[in-house]
Amino acid sequence: MKLRYLLDTDVLSLMQRDPNGAGGQIYARIDQEGADSVGTSVVNVQEQLQGRFRQIGDAEQARKGEDLSLAYRRLREAVEFFRDIQIVDYSKQADDCYTELRSKGGLTPTKVGPHDLRIGCIALANSLTVVTR
């Protein structure tokens with residue numbers, strides 16, 4: 001089956017945080033659609049890993065060993081999670097889309113952030129549907 005859906009960060013977070021609740025519903029839907037039809041973008045991976053690194057840095061600064069241990073565990077869990085999902089690259093075609101949409105002026109960074117626009121352009125470049133909350 002061909003990749004059709006691109007999961008956004010909020011959906012990925014639900015899957016990770018609440019696998020028996022709302023995240024479980026997402027897993028059930030993925031099972032219906034077929035795991036090979038679902039992926040995420042490298043930008044979503046960046047967002048999640050940056051968040052994990054920030055948590056580690058905050059815990060280090062606060063000198064809280066328990067928080068640091070949790071932050072490192074969450075980093076490991078994120079890496080393991082992304083090992084099992086297709087990741088779509090940010091291509092030249094996606095970058096051309098990004099540049100074109102930004103140059104038109106209507107999609108300013110205050111209206112659509114750079115990460116969200118890059119994710120959208122990855123979806124457009126690959127004819128994918130973005131799945132978000």
Side-chain angles (χ1 to χ4, degrees):
M1 184 174 284
K2 184 178 183 282
L3 185 66
R4 297 184 334 202
Y5 302 103
L6 196 70
L7 304 180
D8 200 4
T9 302
D10 58 342
V11 173
L12 297 170
S13 295
L14 269 177
M15 293 170 68
Q16 293 166 322
R17 277 194 326 262
D18 191 16
N20 298 316
Q25 293 172 355
I26 297 165
Y27 279 113
R29 183 64 189 263
I30 289 171
D31 285 344
Q32 286 177 342
E33 295 292 329
D36 53 348
S37 70
V38 178
T40 194
S41 78
V42 69
V43 177
N44 297 103
V45 175
Q46 173 197 4
E47 288 179 333
Q48 284 230 331
L49 294 182
Q50 278 181 329
R52 298 300 182 231
F53 290 132
R54 193 171 325 132
Q55 289 174 340
I56 291 168
D58 291 349
E60 285 177 330
Q61 262 191 331
R63 296 181 179 263
K64 292 187 174 180
E66 193 172 305
D67 290 351
L68 185 58
S69 175
L70 176 63
Y72 273 117
R73 189 189 79 205
R74 287 183 175 159
L75 173 62
R76 177 189 49 77
E77 289 169 350
V79 169
E80 289 172 352
F81 177 83
F82 287 117
R83 196 175 46 206
D84 296 329
I85 190 167
Q86 294 181 71
I87 299 172
V88 182
D89 284 329
Y90 183 74
S91 65
K92 172 79 168 94
Q93 187 179 3
D95 191 58
D96 290 346
C97 170
Y98 180 90
T99 301
E100 179 183 344
L101 291 174
R102 277 288 185 239
S103 71
K104 291 185 177 185
L107 297 175
T108 63
T110 54
K111 289 184 180 180
V112 179
H115 288 169
D116 288 335
L117 188 55
R118 284 190 181 103
I119 293 164
C121 286
I122 289 169
L124 287 170
N126 292 280
S127 301
L128 302 172
T129 300
V130 176
V131 179
T132 189
R133 257 205 267 182

Does anything in residues 17-32 form a salt bridge (charged side-chain N to carboxylate O under 4.0 Å, His left out)? List the pairs, not counting sequence neighbours. R29-E33

Looking at D96 and K92, does any basic side-chain N land under 4.0 Å from a carboxylate oxygen? yes

Got a donor-acceptor contact below 3.5 angstrom from the S37 side chain to the R4 backbone? no

Verify the cluster assignment for V79 and V42: are they in a single hydrophobic cluster under the rule of side-chain heavy atoms below 4.5 Å apart? yes

Can you list the steps and then say if F82 with T40 is a side chain to side chain contact (heavy atoms under 4.5 Å, CB included)? CA-CA 9 Å; F82 287 117; T40 194; 3.9 Å; yes

Answer yes if L49 and I122 sit in the same cluster of Ile, Leu, Val, Met, Phe, Trp and Tyr residues linked by side chain heavy atoms under 4.5 Å apart, and no otherwise. yes

Using 0.5 Å steps for rounding, measure from the CZ atom of R74 to the CD1 atom of I56. 11.0 Å

Looking at R76, I want to see if its CZ is surrounded by more than 12 non-hydrogen atoms of other residues, nucleotides or ligands under 6.0 Å. yes

Distance-only, no hydrogens or angles: does the E60 side chain make a donor-acceptor pair with backbone N or O of L68 under 3.5 Å? no

Looking at V112, is its backbone amide N or carbonyl O close enough to the side chain of D116 to form a donor-acceptor pair, meaning the two atoms are under 3.5 Å apart? no

Under the side-chain hydrogen bond (donor to acceptor under 3.5 Å, both in side chains) rule, what do S41 and Q46 come out as? Steps first, then yes or no, please. CA-CA 9 Å; S41 78; Q46 173 197 4; over 6 Å; no

Is the shortest heavy-atom distance from the side chain of H115 to the side chain of T9 under 4.5 Å? no

Linking I/L/V/M/F/W/Y whenever any side-chain heavy atoms sit under 4.5 Å apart, do L124 and I119 land together? no

Residue pair C121 / A94: nearest heavy atoms and the distance that separates them: CB-O, 3.4 Å

Where A35 and Q86 come nearest, the two heavy atoms and their spacing: O-NE2, 4.0 Å

Shared hydrophobic cluster, L12 / Y27 (ILVMFWY, side-chain heavy atoms < 4.5 Å): yes

